[in-house]
Novice: 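Below is a structure I'd like to ask you about.
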Amino acid sequence: MSPEPNAPDDTEASSAPDGADEPAATAETTELDADETTDSSSPYTLQREDGSETHHAFWADDVADRVEDRDPDEPIVIKGGISPSGVPHLGNVNEIMRGYFVAEVLRERGHEVTQVFTADDRDPLRGLPRTLCDLEGNLVDLGEVNAGALGRNLGSPYTDIPDPFGCCESYGDHFSQIIEDSAAAVDVPIEFVSTTELYESGDLEEITRHVLENRDTAREVLSKYQDKVEENGEYVPFNPICEECGKITETVTDVDLEAGTVEYRCTDMDAGDQTIEGCGHEGTATLRDGKLPWRFEWPAQWQALGVDFEPFGKDHAEGSWPSGIDVAENVLGIEPPVPMVYEWFTLDGEPFSSSAGNVILVSDVLELIEPEVLRYFFTKDPSKARDFSVERLDLLVDEFDRFEAVYYGEVEASEDERAFAERVYPLVVDEPDEDRIRLPYTFAAVLGMTDDPALREEIARREGHIPENASEQAIEDALGRVEQARNWARRTENEFDYELKREAIPDHDFDATTEIALEELADFVEEGHGPDEIQEEIYETAKRHDVDMGSFFGAGYRLFFDEEQGPKLGPFLAKVDREFVVARLRRER
RNA sequence: GGGCCGGUAGCUCAGUUUGGCAGAGCGUCUGGCUUUUAACCAGACGGUCGCGUGUUCAAAUCGCGCCCGGCCCGCCA
């Protein structure tokens, strides 16, 4: 627990040579020639000073340079991966999109690239998630599924646990499926690999055998990073699955590589603050009936899949990455991939947390914005922490619209901005179309106040957002944003969350003068007038009757939206069918 | 406590490698759109670049020290 007993080890393992950002690895020299180029172990790829390389407008080009420097075999393999432990949120999409942009850049440079994603689904379930979700992305409380069945499976691999929703082969498959759907939704071609499948098919068997053959070295290497692993202890880097209770076990009592088996005893497993009890069974397992501990499994995946580049969250940067390099080089004898640390996102200022309900899935996001806007979000500098703000999603969409307009040369922009747009936009949008139409997001939200598609289009035209000669397709695409902005207004209950109350008249209480004024306004509307005339008449009517301007508008918003405020009233009323407006102003229905 | 990453306008972010006048969008304010009610247009306001210090003709940018936030240094992934 305390670092004291291991102080010397610890120092060697985790403190970098002065000034260099080299964490751990083998106890190399302290003086790496001067500064740069030698430091291949730092995962902070984008921060690396590397005078010899050109400065690119897009970070993925910097990464691609590094990948090319390795002179990789083709196809170049780019990996990402997570454990399908529960609701996959937007932060997990980093594992897909960050790699995707690097893959695209390399493809552009003429390389053949395969992007793979490992579902680390042989990992054991270590705790009960409070919230799950179905394949449609609807959040479901643990209590609504068979929690007992899940509880009995604590400690078992995700792929051995029945799907609580009953729709997939296993718990692991269920959440892997959602991740696959997410990748498809943002249009990223990526090959999904089940880690369980890698074990069962034997693709990891030789590597597992190698690790066990060299378990003394493996133990020595890992002991530099993990206190529980004693340099001269009994640690065996393999966790069999108990044939009796199905749980991942941690106590291997004997290794027989001739037979390709290990002997084990099913003992208790620490999982956070609780203990998952082992059944005590003693048995024999093959090298396919278990898993490597993560610190070995990750490098083993690199070897099995031939990984050249992998992005990972900052939680790995000072932990499993340094040990991963060490394992790769000194246990497996392979070159680790080019790394890249990405910072974490927050959601509306708070960390992602499925237990606290602070999650958003890709499917949720795509109800609010177009896929290209989401893809754009992931082009931003990975080394900076960022907030994905649903509340202020309009800012992100505005930013994207500007990014797009800069690309088409429609607005003035700085050199940096232009260079970024020119480089990145074609990677974000599949088929660039100069004639696309983008309704400003908040304007789209205003249009969302009415359900009538024809009315939406008409207002958009009148306000000059749709050119005369626009194609039907372009208009349809543009109006798609109205639904999204409408969903956004509803979800956030923001100032655009007005809804024309057609079906029933809202409760209201006006004084006599206001009622008379409303009658007159009804008469005026009934005569048939244009939007500006109605707007003007609202002012005139209020003045004539000496009704306070604010409260008169307020009366209108009350009648039509059941709100204090709303969109510009005259033009809006002019567009809604006259019969209804007149009746509503007379408070007849 | 140690290592690492980050901190730029009210908000969202560029700019930091390669030192050269502090930038954009949104918001706000003012004005325009014939006359207070959120869509459109124009303009303005807005920053000790986390703090201090060093180097330099010149520092958001480079060095050193500190502050704040996050991650790792147990386990697990």
Side-chain angles (χ1 to χ4, degrees), chain A residues 1-3 10-11 13-16 19 21-24 36 42-44 46-51 53-56 62 81-83 85 120 123-124 126-127 225-228 248 250 269-273 293-295 297-298 312-322 341-344 346 351 380-381 383-387 389 391-396 398-399 401-403 406 411-417 420 439-440 442-447 459-460 462-465 495-496 532 535-536 538-540 542-543 548-550 552-554 556-557 564-572:
Chain A
M1 195 186 295
S2 152
D10 202 66
T11 310
S14 62
S15 69
D21 4 35
E22 168 161 358
E36 34 229 62
S42 168
Y44 301 98
L46 302 175
Q47 282 72 47
R48 252 178 40 119
E49 295 181 15
D50 211 325
E53 287 169 15
T54 350
H55 177 51
H56 294 289
D62 290 327
I82 60 169
S83 176
S85 57
D120 297 331
D123 297 346
R126 303 172 54 79
Y225 306 92
Q226 296 196 336
D227 288 349
K228 84 161 185 184
I248 300 275
E250 293 180 329
M269 174 170 73
D270 287 335
D273 44 7
W294 168 247
R295 298 279 178 135
E297 186 175 83
W298 198 22
F312 47 86
K314 64 169 175 176
D315 50 336
H316 289 298
E318 307 301 326
S320 30
W321 171 251
V341 173
Y342 59 81
E343 267 283 348
W344 287 355
T346 50
K380 291 158 169 273
D381 185 349
S383 63
K384 299 212 174 187
R386 238 162 258 286
D387 188 40
S389 174
E391 291 289 332
R392 299 312 316 273
L393 206 51
D394 55 315
L395 290 176
L396 178 64
D398 286 352
E399 211 182 294
D401 288 351
R402 179 178 168 82
F403 165 69
V406 168
V411 293
E412 285 183 32
S414 69
E415 207 38 57
D416 287 327
E417 209 179 356
F420 183 80
L439 304 177
T442 52
F443 176 68
V446 171
L447 295 185
I459 299 176
R462 182 163 45 75
E463 294 300 328
H465 290 295
E495 71 269 37
F496 299 99
D532 296 339
Q535 179 73 6
E536 186 173 341
I538 297 174
Y539 287 106
E540 293 300 337
K543 278 187 191 168
D548 174 70
M549 198 66 71
F552 194 54
F553 272 97
Y557 293 128
E564 312 289 320
Q565 298 188 322
K568 196 168 182 179
L569 206 47
F572 196 89

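Numbered from 1 within each chain, the chains take letters A, B, ... in sequence-line order.
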Novice: Using heavy-atom distances to pick each residue's nearest nucleotide on RNA chain B, tell me which of Thr442(A) and Asp398(A) is more 5'.
Specialist: Asp398(A)

Novice: Tell me which nucleotide among rA77(B), rG74(B), rC40(B) gets nearest to the side chain of Pro440(A).
Specialist: rC40(B)

Novice: Can you identify which nucleotide, out of rA39(B), rC71(B), rG25(B), has its nearest atom closest to the Val446(A) side chain?
Specialist: rA39(B)

Novice: Return the value, rounded to whole Å, for the distance between atom CD1 of Ile538(A) and atom P of rU34(B).
Specialist: 15 Å

Novice: For atom C1', what is the distance between rA9(B) and rA60(B), given to the nearest Å?
Specialist: 14 Å

Novice: If you check the Arg402(A) side chain, which of rG25(B), rC40(B), rA77(B) turns out closest?
Specialist: rG25(B)

Novice: Specify the separation, in whole Å, of atom CD of Glu343(A) and atom C1' of rG6(B).
Specialist: 6 Å

Novice: Over all strands shown, is Trp344(A) touching base, sugar-phosphate only, or nothing at heavy-atom distances under 4.0 angstrom?
Specialist: sugar-phosphate

Novice: Quick one: label Lys228(A) by what it contacts on the DNA or RNA (base, sugar-phosphate, nothing), any heavy atom closer than 4.0 Å.
Specialist: sugar-phosphate

Novice: Classify Ser85(A) by what it touches in the nucleic acid, base, sugar-phosphate, or nothing, heavy-atom distance under 4.0 Å.
Specialist: nothing

Novice: If you compare all heavy atoms of Leu439(A) against all heavy atoms of His465(A), which two are closest, and at what distance to 0.1 Å?
Specialist: CD2-CB, 3.6 Å

Novice: Any idea which of rC71(B), rA77(B), rC76(B) is nearest the Lys314(A) side chain?
Specialist: rC71(B)

Novice: Which whole-number value in Å describes the distance from Asp401(A) CG to rC26(B) P?
Specialist: 11 Å

Novice: Figure out the CG/P separation between Leu569(A) and rU36(B), and round it to whole Å.
Specialist: 16 Å

Novice: Quick one: label Asp123(A) by what it contacts on the DNA or RNA (base, sugar-phosphate, nothing), any heavy atom closer than 4.0 Å.
Specialist: sugar-phosphate

Novice: Take Arg386(A) and Tyr342(A) through the side chain to side chain contact (heavy atoms under 4.5 Å, CB included) test and state the conclusion after the steps.
Specialist: CA-CA 10 Å; Arg386(A) 238 162 258 286; Tyr342(A) 59 81; over 6 Å; no

Novice: With sequence neighbours excluded, what pairs up with Glu343(A) under the salt bridge (charged side-chain N to carboxylate O under 4.0 Å, His left out) test?
Specialist: Lys314(A)

Novice: Does any part of the side chain of Pro351(A), heavy atoms only, come nearer than 4.5 Å to the side chain of Trp344(A), both counted from C-beta?
Specialist: no

Novice: Quick one: is rC75(B) close enough that its OP1 or OP2 comes under 4.0 Å of any side-chain N or O from Gln226(A)?
Specialist: yes

Novice: So Met549(A) and Ile538(A), side chain to side chain contact (heavy atoms under 4.5 Å, CB included) or not? Walk me through it.
Specialist: CA-CA 9 Å; Met549(A) 198 66 71; Ile538(A) 297 174; 5.7 Å; no

Novice: Answer yes or no: is there a side-chain heavy-atom contact under 4.5 Å between Asp270(A) and Lys228(A)?
Specialist: no

Novice: Can you tell me how far P in rU34(B) sits from the matching atom in rG23(B), rounded to whole Å?
Specialist: 36 Å

Novice: Find the distance Lys543(A):NZ to rU36(B):C1' and express it as a whole number of Å.
Specialist: 10 Å

Novice: Rounding to a whole Å, what distance do you find between Ile248(A):CD1 and rC75(B):P?
Specialist: 18 Å

Novice: For the pair made of NE2 in His465(A) and P in rC40(B), what is the distance, rounded to whole Å?
Specialist: 5 Å

Novice: With C1' as the reference atom in both, quote the distance from rG63(B) to rU55(B) in angstrom, rounded to an integer.
Specialist: 7 Å

Novice: What distance, rounded to whole Å, do you find between the two C1' atoms, one in rG52(B) and one in rA77(B)?
Specialist: 41 Å

Novice: With the sugar-phosphate defined as primed atoms, P, OP1 and OP2, and the base as all remaining atoms, what B/S/- string results for nucleotides 11-16 of chain B, 5' to 3', for protein heavy atoms under 4.0 Å?
Specialist: -SSSSB

Novice: The side chain of Asp315(A) lies closest to which of these nucleotides: rG25(B), rA39(B), rC71(B)?
Specialist: rC71(B)

Novice: Report yes if some heavy atom in the side chain of Phe420(A) is under 4.5 Å from a heavy atom in the side chain of Glu415(A); otherwise report no.
Specialist: no

Novice: Counting only Watson-Crick or G-U wobble pairs whose two distances fall under 3.5 Å, which nucleotide matches rU28(B)?
Specialist: rA44(B)

Novice: Identify, with sequence neighbours excluded, every residue that meets side chain to side chain contact (heavy atoms under 4.5 Å, CB included) alongside Asp394(A).
Specialist: Arg392(A), Tyr441(A), Thr442(A), Trp488(A)

Novice: With distance as the sole criterion, is a donor-acceptor pair present between the side chains of Asp381(A) and Ser383(A) under 3.5 Å?
Specialist: yes

Novice: Under 3.5 Å for both donor-acceptor distances, Watson-Crick or wobble: does rG19(B) have a partner, and if so which one?
Specialist: none

Novice: Which nucleotide, if any, forms a Watson-Crick or G-U wobble pair with rC71(B), using both distances under 3.5 Å?
Specialist: rG3(B)

Novice: By nearest heavy atom, map Asp270(A) and Gly570(A) onto RNA chain B; which one lands nearer the 5' end?
Specialist: Gly570(A)

Novice: May I have the distance from Tyr225(A) (atom OH) to rC76(B) (atom C1'), rounded to whole angstrom?
Specialist: 18 Å

Novice: Closest approach to the side chain of Glu318(A), judged atom by atom: which nucleotide of rA77(B), rU36(B), rG3(B) is it?
Specialist: rG3(B)

Novice: Does Gln535(A) place a side-chain N or O at less than 4.0 Å from the phosphate oxygens OP1/OP2 of rC33(B)?
Specialist: no

